[in-house]
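Remember, it's 1-based here, ligands and their atoms both numbered in the order they're listed. Nothing fancy with the numbering, it's 1 onward along the sequence.
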Amino acid sequence: MQELIAKANVLLEALPWIKRFYGATIVIKYGGNAMVEEKLKESFAKDIILMKYIGLNPVVVHGGGPQIGRMLKAIGKDSHFVQGMRVTDRETMDIVEMVLGGQVNKEIVNNINRHGGRAVGLTGKDGNLIVARKMEMTQVNPDTLTPEIIDIGHVGEVETVNPDIIDSLEQNNFIPVIAPIGVGLNGETYNINADLVAGRIAGALRAEKLILLTDVEGVKGKDEKLISTIDVDRVPDLINDGTITGGMIPKVNCCVDAVSEGVHKAHIIDGRMVHACLLEIFTDKGVGTAVARFD
Ligand SMILES: Nc1ncnc2c1ncn2[C@@H]1O[C@H](COP(=O)(O)OP(=O)(O)O)[C@@H](O)[C@H]1O
Ligand SMILES: CC(=O)N[C@@H](CCC(=O)OP(=O)(O)O)C(=O)O
């Protein structure tokens, strides 16, 4: 009996959040372990389907860096990154488009659909969803100590997001699953970091939440303890004092940008945890790190 009441209480804890987020758009950046381990893949698919059935509008943007790396290795090419961006020559661009837009995207779509959802896969080319331009990259020359523009090939940054295709899929109760490939004004193909795409899509859709799944608990302080909330104004200090480094810098910056574009809260959460998305959205405490304007 006690066990049954405890179950009912768990459901009731979700009620205020279900009411609050009914009809809201939640953009989820899916990547890392959550996209590799069978148990996590299944739990992610079920979380997304449950969200949809109770009236939220989940939009999935996925990564696939490790999968691209493996395919490149298979054809004898090494992966090179500059400031977290993959150096993308013509041949690499073809592989990126094939792996992200084909293999990875369709596996996620298939996973959601076989668990009872209705997912549709897109790249930024579909309906001109993500119009991109070539990313300008500068790097300090170690000999002259002056900043220089370097060419990292077909790497893009988002110029505009045209959400019409997402709106029409949502109206028909489909779940959009988006690969981070952009299209230039002259039809060029661009490889874009998936966190950046998720942030801009969340901004364009005025999403309630942006959730970035990663392979750590969230943002940690210098004492290695999880920081559960960060005000957007505190982010530059945490970067400048070396608390946030490496791959976490673009993630928090993308959260800050999304919040400044009108997203209510951005979350960096542990995708290694089963049902991480549900726990974040439907429990009082949430999980991971929330980045927002807290005042
Ligand atoms: N303050 C911090 N808190 C948590 N992780 C941090 C922090 N600073 C740097 N990191 C690093 O950022 C990494 C997450 O970025 P990244 O590996 O690019 O993620 P993903 O592959 O999920 O996109 C963590 O594994 C960790 O090594
Ligand atoms: C320009 C750039 O670096 N693009 C990424 C796109 C995939 C991605 O972002 O995947 P993760 O989220 O798994 O890292 C890449 O080629 O790896």
Side-chain angles (χ1 to χ4, degrees), residues 28-36 40 60-73 77-89 91-105 107-108 123-124 130 132-137 151-158 178-182 189-201 211-228 230 234-235 237-255 267-273 276 288-289 291:
I28 301 127
K29 152 69 196 306
Y30 182 45
N33 251 344
M35 220 165 78
V36 178
L40 294 171
V60 178
V61 176
H62 64 82
Q67 290 81 348
I68 298 166
R70 273 199 297 278
M71 187 63 84
L72 287 172
K73 201 161 175 222
K77 261 179 116 90
D78 289 333
S79 291
H80 298 287
F81 290 87
V82 177
Q83 294 169 32
M85 301 294 150
R86 180 185 305 279
V87 177
T88 307
D89 61 14
E91 189 181 35
T92 302
M93 188 65 251
D94 288 344
I95 298 283
V96 168
E97 190 168 22
M98 186 176 88
V99 173
L100 293 183
Q103 180 199 335
V104 174
N105 185 275
E107 194 197 329
I108 300 165
T123 77
I130 305 164
R133 58 173 177 263
K134 187 174 162 72
M135 179 177 267
E136 295 273 341
M137 172 80 71
D151 189 355
I152 53 168
H154 303 261
V155 174
E157 53 190 322
V158 179
I178 302 162
I181 305 281
T189 306
Y190 286 110
N191 176 17
I192 316 179
N193 172 279
D195 293 335
L196 296 179
V197 168
R200 289 295 301 275
I201 287 191
I211 298 179
L212 303 175
L213 288 176
T214 183
D215 287 345
V216 284
E217 265 176 273
V219 180
K220 292 184 196 156
K222 284 216 161 117
D223 56 2
E224 285 296 302
K225 286 204 183 113
L226 178 74
I227 309 177
S228 50
I230 303 179
R234 229 183 109 212
V235 167
D237 289 344
L238 290 171
I239 294 175
N240 291 335
D241 75 5
T243 305
I244 298 175
T245 59
M248 198 47 86
I249 296 179
K251 278 191 202 306
V252 284
N253 280 335
C254 133
C255 292
H267 303 263
I268 297 171
I269 68 171
D270 194 347
R272 298 168 305 176
M273 186 198 272
T289 301
V291 181

Trainee: Indicate yes or no for a side-chain donor-acceptor contact from D195 to the backbone of K251 under 3.5 Å, with no hydrogens or angles considered.
Mentor: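 Side chain of D195 to backbone of K251, a donor-acceptor pair under 3.5 Å: no, none is there.
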Trainee: For atom 5 (N) of ligand 1, grab the closest protein heavy atom and report residue, atom and distance to one decimal in Å.
Mentor: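 For this ligand atom, the closest protein heavy atom is M248 CE, 3.4 Å.
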Trainee: If you round to the nearest 0.5 Å, how far is CD1 of I192 from CE of M85?
Mentor: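 Answer rounded to 0.5 Å: 10.0 Å.
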Trainee: For ligand 1, which atoms, with element, lie under 4.0 Å from some heavy atom of V219?
Mentor: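 Selected atoms, number and element: 1 (N), 3 (N).
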Trainee: Compare all side-chain heavy atoms of I152 with those of Q83 and state whether any distance is below 4.5 angstrom.
Mentor: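 The answer is no; the side chains never approach within 4.5 Å.
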Trainee: Could you check if a side-chain atom of V155 sits within less than 4.5 angstrom of a side-chain atom of M137, using non-hydrogen atoms only?
Mentor: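 Counting from C-beta outward, V155 and M137 never come under 4.5 Å.
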Trainee: Among all protein heavy atoms, pick the one closest to atom 9 (C) of ligand 1 and tell me residue, atom and distance.
Mentor: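 Minimum-distance protein heavy atom for atom 9 (C) of ligand 1 reads T245 O, 2.9 Å.
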Trainee: Quick test: of every protein heavy atom, which one is nearest to atom 22 (O) of ligand 1, and how far off is it to 0.1 Å?
Mentor: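 Residue, atom and distance for the closest contact: T214 OG1, 2.7 Å.
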Trainee: Exactly one of N253, I249, I227 should register a side-chain contact (heavy atoms from CB on, under 4.5 Å) with I244. Which one does?
Mentor: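 Only one of N253, I249, I227 forms a side-chain contact (heavy atoms from CB on, under 4.5 Å) with I244, namely I249.
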Trainee: What is the closest protein heavy atom to atom 24 (C) of ligand 1, and at what distance does it sit?
Mentor: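 Going atom by atom, the protein heavy atom closest to atom 24 (C) of ligand 1 ends up being V216 CG1, 3.8 Å.
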Trainee: Between E217 and ligand 1, which part of the residue brings a heavy atom under 4.0 Å of the ligand: side chain, backbone, both or neither?
Mentor: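 The answer is neither; E217 stays 4.0 Å or more away.
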Trainee: What I'd like to find out is whether the side chain of K77 reaches to under 4.5 Å of the side chain of D89, using heavy atoms alone.
Mentor: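 Touching, per the 4.5 Å side-chain cut-off.
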Trainee: Return yes when at least one protein heavy atom is under 4.0 Å from atom 19 (O) of ligand 1, and no when none is.
Mentor: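 Given the 4.0 Å limit, the answer for atom 19 (O) of ligand 1 is yes, a protein heavy atom qualifies.
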Trainee: Atoms of ligand 1 less than 4.0 Å from T243 heavy atoms?
Mentor: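 Counting from 1, the qualifying ligand atoms are 1 (N), 2 (C), 8 (N).
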Trainee: Atom CE of M71 and atom CG of L100: how far apart are they, to the nearest 0.5 Å?
Mentor: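 Going from the CE atom of M71 to the CG atom of L100 covers 11.0 Å.
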Trainee: For atom 3 (N) of ligand 1, what's the nearest protein heavy atom and its distance?
Mentor: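 Going by distance alone, atom 3 (N) of ligand 1 is nearest to K220 N, 2.8 Å.
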Trainee: Does G218 have a non-hydrogen atom less than 4.0 Å from ligand 1?
Mentor: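 In this structure, G218 qualifies as a contact of ligand 1 - some heavy atom is under 4.0 Å.
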Trainee: Before you tell me yes or no, could you show the steps for L40 and V36 under side chain to side chain contact (heavy atoms under 4.5 Å, CB included), namely the whole-Å CA-CA distance, both residues' side-chain angles and the distance that decides it to 0.1 Å?
Mentor: CA-CA 7 Å; L40 294 171; V36 178; over 6 Å; no
Trainee: Taking any residue with a non-hydrogen atom under 4.0 angstrom from an atom of ligand 2, which ones do you get?
Mentor: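 Only K29, G63, G64, G65, P66, I68, G84, M85, R86, V155, N191, I192, N193, A194 have heavy atoms that fall under 4.0 Å of ligand 2, ordered by chain and number.
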Trainee: Any non-hydrogen side-chain atom of M248 less than 4.5 Å from a side-chain atom of V216?
Mentor: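 They are in contact (side-chain heavy atoms under 4.5 Å apart), so the answer is yes.
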Trainee: Would you call V252 and L238 a side-chain contact if the rule is heavy atoms closer than 4.5 Å?
Mentor: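 V252 vs L238: side chains apart.
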Trainee: For the residue pair I130 and R200, establish whether any side-chain heavy-atom pair is separated by less than 4.5 Å.
Mentor: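 Result no, sub-4.5 Å side-chain heavy-atom pair not found.
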Trainee: Please write down residue, atom name and distance for the protein heavy atom closest to atom 17 (O) of ligand 1.
Mentor: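 Atom 17 (O) of ligand 1 sits closest to the protein heavy atom G247 CA, 4.9 Å.
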Trainee: What's the shortest distance from atom 23 (O) of ligand 1 to any protein heavy atom, and which residue and atom give it?
Mentor: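 For atom 23 (O) of ligand 1, the nearest protein heavy atom comes out as K251 NZ, 2.6 Å.
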Trainee: Does the pair E157 and R133 meet the rule for a side chain to side chain contact (heavy atoms under 4.5 Å, CB included), with working shown?
Mentor: CA-CA 6 Å; E157 53 190 322; R133 58 173 177 263; 3.8 Å; yes
